[in-house]
Amino acid sequence: MSDARFVNERAVGSSVIPDEAIPLVEGDGRFLNDIKLPGMFHVAFLRSQHAHARLRSIDTKAARALPGVIKVLTGQELLGKVDPFRSMPNRFSGGESVQHWLAVEKVRFCGEAICAVVAEDRATAEDAVELIEVDYDPLPAVTDPRRGERDDAPLIHDTCVNNYLIKREYERGNVDDAFRNAHIVAERSFRIGRKQALCLESRGCVAGYRESTFTLTLWISHQLPYVVRHYLAKHLRMPETDVRVIVPHTGGGFGQKASIYPEEFVCAYLALQLRRPVKWVEDRIENMVASTHARDQYLEVRMAADKEGRILAISSEVWVDVGAYSTYLWSAGMEPLQTAGLMPGPYRIGAMRYRTRGVATNKTPVGPYRAVGRPSASASLELLIDEVAGKLGLDPMQMRLKNLIPHEAMPYRNANNLVHENVNYVPCLELAVAKADYAQLRAEQERAGGNGKLRGVGLVCYAELTGLGTSTAVGPGTLLQPGRDAVTLRLETSGVLTIAAALPSQGQRIMTAMRQVACDELGMKLEDITSISNDTASAPYGFGTFASRTAVFGSGATIKAARELRQRILAMAAFLLQAPVERLTISNSIVHTIDRTSSISLRDMAEKSYFSAKDIPQELNPGFEVTAFYDPKFGSFAGAAHIAVVDVDPKTGHVEILRYVAAEDVGTVINPAVVEGQIIGGIAQGIGEALLEELVYDEQGQPRTVTLADFLVPSALEIPRIELHHANTPSAALGGFKGCGEGSTTGGLASVVCAIADALRRKGGDIHEFPATPERVLRGLGVLSPQG
Amino acid sequence: MCTHPRPIAGTSPASWPRGRWRRRWRGREADLAREQRITVTVNGRSYERTVPVRLSLADFLRDHLHFTGTHVGCEHGVCGACTISLNGRTARSCLTFAVQADGAEIVTIEGLRAEDGTRHPVQQAFLENFALQCGYCTPGMLMTAIELLQDNPDPDEHEVREALSGNLCRCSGYQAIVDAVLAAARAARVAPPKPAVR
């Protein structure tokens, strides 16, 4: 089924059509909600209608009496039986947050789960939810992080002073000197609203009791099967080896499905208790309040530059509205620490300072979501660069060129202590400028306006650290340090190679990529290679799919395992063919002498190895199964330059993207078409962030945007055709690969916000708050008066 | 586009029925439990079933007839993942009651392939153009794309984007999907089209 036409006869670098896509395009996907087990019960949750309240009493009598209802579970029953989620340790924690799976004593956000109803069908379960009477004692709600950190603000967690879940100050280099001696100092505020991943498939699970040899089998729409297994066992206080986690086809993840949530754990508990399969599917209205949110940041950024436009120092104050709990697993530190810490991006910045806070509020908790803190770090810095360039009379492109870390300076350690090398920042900028004909864009901008619109050009550069190994935590201060994943290669008796890795895809085609890598390493036909990726019962231990790492980890481990396997194959073939090992090679799944005078197929070899073992010396037959772990140790920097051209309508505030050019360095590319899909998909989410996506809460902490008619994500009409170009350079990781799943989201936000600000500046306006809704654009133009 | 976000009436949890309204609601329980016998043709075969009147067509297809290819993404008619063909035109199966489909002819993604198992040309174009990533929006995208090409066999890029604007995709940024539809249109011009959606 795969495309046999390889580029230069190598699978890596060819746009192989992925086998994974076939069942999906034919309607034979097996997503979570497609799973049905005999005797299955269904769960619906009663969710808090208040943002902040004491729970005085919960009356479940009528719910329990409804025909078809099996059980109603409350938080009280779970006390002492399971462990609640205590916020993951982080060196910069402000305090501890404890999240009970079902609220006990207090609810802290609208939508927090209070009861779980188990019934024979979902509709009955929902009917029963309506019959539960909760007596709330409302408390004042915290809905703004800058008010929430004040001494007089209501406390959401007794152990978190000033509602700080995370707080950190950092300084490197002589920042005060730099600002004192600067030719120019500029300061800017930046606000990005709250959003969510909006996976088209929301969350869900089926918890099975003794569905196979395992006591507990959990099918879950998730990115990290082994991590789920580990914490399930821990919190349910059962042996990890009694738990099996299976990830079915998953309709989007984007980081939202990388957190540990109460609902699936409740279902696991119920399945064990009731000894029946228990299913929960999150409907969309639930998803808007029950699954993690992202962004919702306020930044004040300052820059010191010399008269040539070289950046001397940056300083930032960051507030992130991280919601009611420190999200389990990644902690509330993700966005606050990354936004502040990664602000230097691809630029040479010798001095930096930041003070960042993750302030608890009475809203849905914030968790990791595509590119995490990088989009706001980049967007705020890029807007400031444009402002400084304007004041100095420099073209924005020239200022960036002056400040990008050039090859000659690499390896370069930036003020945030990250080392940049093997990355093409300047070539990407030059390529984007050339392909967009940047000079022509600026000339057209001068001439534009005949249609009454304001023309804007946004040019941004960013750095993206991918494939992080054990030397770096995923977020500063987090004590969770993933960085080793394993792959098992096994040559089956039929001569087919199986690659097993706990690296589920949500569309990234990880397993096709690894098959391509194995194909080249082993000289096998691509169609003779298959894969398993989603089942802890059959894949070796791995952290899973997040942080743009699977191409690096999965491929690196595949290469290591394949090299060992190849050695074993050739050693046995040398014996079977009575030929020296140096004269043997493998192509098209056949081992043969270089002069092709004798050969043996891998299929024959595998069969002999298993069924005729007595004919082969033991030392030559250790088995055709190899597991390899890979830790690249350091991350691999990817980078890019994006250019967005917009027309802003000064009468309606509408923004139209006329043109979008991206020049990316994503390292050695395994499957170009798949990579292109990832990059464009990321740009689309960044554009959504810049223009449309915003979750709004009122002063009482009530969510106002709870349907897709209120929370807008881009359609085919809002995303322009992306002109994508590459200036790739290999990383230092095995295979030269880099991750590419998230970086482009940063470019999508930053380029569009800069283009809009550029357009508004032509009429003396500006814009600091995003998404750039028509209202905010018109306010930025002075057409609407500023809000009080 | 919504510039002043406000809740859709009745969907904010704080406005769910309470007290007096709930007692009236419970009195209607007998209505809620009512069922009806329906006959629906799906992918060329007729099915007779007794269904609750409040059952959506999407849930009927997926849970009662086991055609799980049609996906549910929002249950309020916005995302388009549930799009099927109802009496020859696309429809949101999440907003249609099963009882409304009594006597109707429905085609789902499972009905797109030919009798011999060959993929529909638009499915083939999606596969060859990498027009799906997670695959969740794909069933709805295919039904909408097929309807577009039936109505307009030679669309330009803008017409394709406009036709697909009611189908959300969160993974792809739409470009590969648009390219697949344009490729399918070109391929259909080369070979004479055979009747696709019945």
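In what follows, chains carry the letters A, B, and so on, assigned in the order in which the sequence lines appear, proteins first and then strands, with residues in each chain numbered from 1. Only this structure's heavy atoms are used, side chains among them; waters, hydrogens and symmetry mates stay out.
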Asker: For the atom pair CD1 (A/I285) and CD (B/E75), what is the distance rounded to the nearest 0.5 Å?
Answerer: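 It comes to 8.5 Å.
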
Asker: B/E128 versus chain A, heavy atoms under 4.5 Å apart: side chain, backbone, both or neither?
Answerer: both

Asker: Check whether the side chains of A/E676 and B/Q175 place a donor and an acceptor atom closer than 3.5 Å, and report yes or no.
Answerer: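 Side-chain D/A pair, A/E676 to B/Q175: absent.
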
Asker: For the residue pair B/L127 and A/E26, establish whether any side-chain heavy-atom pair is separated by less than 4.5 Å.
Answerer: no

Asker: Is the shortest heavy-atom distance from the side chain of A/P714 to the side chain of B/R170 under 4.5 Å?
Answerer: yes

Asker: Hey, are the side chains of B/V78 and A/R284 touching, using non-hydrogen atoms and a 4.5 Å cut-off?
Answerer: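 No. Closest side-chain heavy atoms not under 4.5 Å.
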
Asker: Whether the side chain of B/R161 engages the backbone of A/A716 through a donor-acceptor N/O pair (distance < 3.5 Å, no angle test) should be reported.
Answerer: yes

Asker: Please tell me if the side chains of A/L24 and B/Q133 come closer than 4.5 Å, counting only heavy atoms from C-beta onward.
Answerer: no

Asker: Relative to chain A, which segment of B/D63 carries a heavy atom at a distance below 4.5 Å: side chain, backbone, both, or neither?
Answerer: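 Both parts, backbone and side chain.
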
Asker: Report yes if some heavy atom in the side chain of B/C79 is under 4.5 Å from a heavy atom in the side chain of A/L708; otherwise report no.
Answerer: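 A side-chain contact exists here, since the closest heavy-atom pair is under 4.5 Å.
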
Asker: Mind checking the CD1-OH spacing from A/I680 to B/Y174? Nearest 0.5 Å is all I need.
Answerer: 13.5 Å

Asker: So A/R122 and B/D59, do their side chains get closer than 4.5 Å, heavy atoms only?
Answerer: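 Side-chain contact under 4.5 Å: no.
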
Asker: Are A/N33 and B/R62 close enough, and set up right, to give a side chain to side chain contact (heavy atoms under 4.5 Å, CB included), and what steps lead you there?
Answerer: CA-CA 9 Å; A/N33 200 10; B/R62 290 177 44 78; 3.5 Å; yes

Asker: Is it the backbone or the side chain of A/T250 that comes under 4.5 Å from a heavy atom of chain B, or both, or neither?
Answerer: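 Contact with chain B: backbone only.
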
Asker: Once you round to the nearest 0.5 Å, how far does CG of A/D283 lie from SG of B/C94?
Answerer: 11.5 Å

